J.: 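Pasting a structure below so you can have a look.
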Amino acid sequence: MGEPRQESVPVLPWMRQPVDVSQCEECPLDLLPCLDPRLMVALQELGFSSLFPVQVGVWQETIGPGAFERDLCINSPTGSGKTLAYALPIVQALSNRTVRCLRALVVLPTRDLALQVKEVFAAIAPAVGLSVGLAVGQSSVADEISKLIKRPKLEAGICYDPDDLPQELESSVDILVATPGRLMDHITSTKGFTLEHLCYLVVDETDRMLREAYQSWLPTVLNLTRSDEEGPIPCITSFLPSAFGSLKTIRRCGVEKGFNGKPYPRLVKLVLSATLTRDPSKLAQLDLHHPLLLTTGKRRYQVPERLESYSLMCESKLKPLYLVAVLQSLGSEKCIVFTSSVESTHRLCTLVNFFDDLKLNIKEYSGLQRQSVRSKTLKAFREGKVQVLVSSDAMTRGMDVEGVRNVVNYDMPSYVKTYIHRAGRTARAGQKGRCFTLLDKVEVKRFKKLLQKAGIDSCPSYSVPSDSLESLRTIYPSALEKLKEKVESETSKKLKLAPKSSRRSQAEGKKSRNDQ
Ligand SMILES: Nc1ncnc2c1ncn2[C@@H]1O[C@H](COP(=O)(O)OP(=O)(O)OP(=O)(O)O)[C@@H](O)[C@H]1O
């Protein structure tokens, strides 16, 4: 999973004068201007008594005079509360709507992340009568459609022309949280699913969303939400499958029901990341309207204030031992261990589980697993039944799990952005957290550069007790032997399940790899 190299690209003019939200003070809810009292109660029920600085900054730009006049790009550290920063103003802005239709769409790269964001909306939106939907492929398409689209009550005995029905269909949700794949399924195939009333589009984890095309979901959504007057964006019309012509979901100009006779509001975009790209060609895909950048502090990248970084020197071949010793020293505090690939995640998790003395429940969490397995693991981790997740990078961006006190980089991250997102699973919402990185001496120089880019000035070395290392050394050979047996049995199982042709090519592949 490569991230683009940080090349010196020119910074766009609008990015040169950002609003620095670190200048905002936390704001107690009762002092927040214009906050709907019903939302105040909902927030209090969540245990929130004030808004974090980024939330105050976004509130100031979105509520009151000049509300939502410009698209917003928000670059703020991991765990600083970006989800509520967009969820609250959107819910407040929609709180006086009278007709239900899909007005806000939030798109995220993974299902678990979408579920997490949906929970935030679901905690506040019902307080003002808004309904939130989910399109992530968690359930069957039919089940999802039944929750998103309200079927008209048809009178028995009357024969209806099916072609007339789509006009009668209504959205059951005001706000939709989606992953790109399922969103595209609904756009192309779900009768009655329309983006013609959409007012707010949120692209969370923007840099990842822009790096991966995900079936051209973005140009599709942008074209379907442009008003007739604007016309389609020339460079993106080619993405649109011709079938969309018949859907007629391009936003109309004119007067909208439910907004007191005001004209259709223009689609507002909010894009967010802890490591927002500055690459003009990537940002151009968003077709931003007078964008305003909100950042935290002067540095390009920022780690959470209470994050402590540590390095741990060890020989490459002894890394598993050092990892087990670190986990022993952390006790039962929740921890996420990051590796560089899905394969090494699987092997490492299998191996550490062969150290019987480690009285921890350690589970794998990676893109190699089925979604249902991953979701089950994440639930157990949230509930504290699993204490350690061994994980690959792709799945953990944005993940917010209460009580994660430690992160271990088993493999040193190759990019500063990767370090920031991994370390950012701890030290969230003003809490303390630690990030340990295991290093071989050949990696030290590169790691120092990476820390510099991340704005980390201090990274003391962490040491594990030598007696615990010594006792682990005695178990290590048998753990390695068990790992070898397990890997062999898994490989032969896979070969048996695979069709003959692919078995042959796998065997040939193995042979040629061995020959190298
Ligand atoms: N006003 C608040 N008061 C107390 N806790 C809050 C508040 N706002 C958010 N939080 C908590 O802060 C944590 C981090 O929030 P969130 O997940 O939105 O961060 P983020 O900035 O999106 O992080 P990432 O970049 O990693 O996705 C969550 O557990 C959330 O419940």
Side-chain angles (χ1 to χ4, degrees), residues 21-22 24-32 35 39-59 72-92 106-110 112-124 177 202-209 270-277 294-297 301-307 334 336 338 378 381-382 391 393-405 407 417-433 435 454:
V21 296
S22 66
C24 299
E25 299 278 332
E26 270 197 31
C27 179
L29 296 179
D30 52 354
L31 297 184
L32 195 66
L35 179 65
L39 290 175
M40 170 141 52
V41 174
L43 289 169
Q44 283 163 341
E45 278 168 11
L46 284 175
F48 297 176
S49 53
S50 56
L51 288 197
F52 289 163
V54 67
Q55 296 162 351
V56 176
V58 177
W59 187 263
L72 295 185
C73 293
I74 300 151
N75 186 35
S76 153
T78 51
S80 57
K82 292 187 287 297
T83 315
L84 191 67
Y86 61 77
L88 189 62
I90 288 177
V91 170
Q92 163 98 13
V106 184
V107 191
L108 295 122
T110 66
D112 288 328
L113 211 46
L115 281 164
Q116 189 179 295
V117 167
K118 193 236 170 184
E119 290 302 308
V120 175
F121 274 100
I124 56 173
V177 183
V202 179
V203 186
D204 204 342
E205 298 296 346
T206 308
D207 44 333
R208 178 158 174 208
M209 295 294 290
L270 294 104
V271 305
L272 306 98
S273 177
T275 52
L276 191 72
T277 181
L294 277 68
T295 56
T296 304
Y301 299 118
Q302 193 100 16
V303 289
E305 239 171 74
R306 300 184 73 197
L307 176 80
K334 275 187 203 166
I336 305 181
F338 285 100
L378 184 56
F381 189 52
R382 285 192 195 283
S391 180
D393 287 308
M395 292 300 134
T396 43
R397 266 208 184 207
M399 187 201 271
D400 182 59
V401 175
E402 173 71 35
V404 176
R405 292 282 159 267
V407 164
K417 287 187 177 191
T418 314
Y419 186 90
I420 285 175
H421 287 284
R422 286 181 179 182
R425 297 317 100 212
T426 186
R428 299 174 70 75
Q431 304 279 311
K432 267 189 178 176
C435 178

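Indexing begins at 1, ligand by ligand and atom by atom, following the structure's order. Note that the coordinates shown come from a computational prediction; the quantities given were computed from them, not determined experimentally.
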J.: Would you say the side-chain atoms of T418 and D393 include a donor-acceptor pair closer than 3.5 Å?
T.: no
J.: Just let me know how E205 lines up against ligand 1, side chain, backbone, both or neither, with a heavy-atom cut-off below 4.0 Å.
T.: side chain
J.: For A429, counting its heavy atoms only, list the atoms of ligand 1 lying under 4.0 Å from any of them.
T.: 11 (C), 12 (O), 13 (C)
J.: If hydrogens are left out, which of T83, V120, L88 has an atom nearest to atom 18 (O) of ligand 1, that is, the closest non-hydrogen atom?
T.: T83
J.: Numbering the atoms of ligand 1 from 1, which are under 4.0 Å from a heavy atom of G398?
T.: 26 (O), 27 (O)
J.: Run the numbers for me: atoms of ligand 1, each under 4.0 Å from some heavy atom of R428, listed by number.
T.: 14 (C), 16 (P), 17 (O), 19 (O), 20 (P), 23 (O), 24 (P), 26 (O)
J.: Distance to 0.1 Å, residue and atom name: give those for the protein heavy atom nearest to atom 31 (O) of ligand 1.
T.: F48 CZ, 3.5 Å
J.: For ligand 1, which atoms, with element, lie under 4.0 Å from some heavy atom of R425?
T.: 26 (O)
J.: On a heavy-atom basis, I'd like to know which of L113, D400, T78 is closest to atom 29 (O) of ligand 1.
T.: D400
J.: Where on M399 is there a heavy atom closer than 4.0 Å to ligand 1, on the side chain, on the backbone, on both, or on neither?
T.: neither
J.: Can you establish whether the number of heavy atoms outside E402 located under 6.0 Å from its atom CD is more than 12?
T.: no
J.: Which value, rounded to the nearest 0.5 Å, describes the distance between R208 atom CZ and L113 atom CG?
T.: 8.5 Å
J.: Are any of the N/O atoms on Q116, whether in the backbone or the side chain, positioned under 3.5 angstrom from an N/O atom of ligand 1?
T.: no
J.: Using heavy-atom distances only, which candidate in G430, S49, S50 approaches atom 1 (N) of ligand 1 most closely?
T.: S50
J.: How long is the straight-line distance from CG of L378 back to CD of Q116, given to the nearest 0.5 Å?
T.: 8.0 Å
J.: Is it true that E26 and S50 share a donor-acceptor pair across their side chains at a distance under 3.5 Å?
T.: yes
J.: Just let me know how P77 lines up against ligand 1, side chain, backbone, both or neither, with a heavy-atom cut-off below 4.0 Å.
T.: backbone
J.: Identify, for atom 25 (O) of ligand 1, the protein heavy atom at the shortest distance, and state residue, atom and that distance.
T.: K82 NZ, 2.7 Å
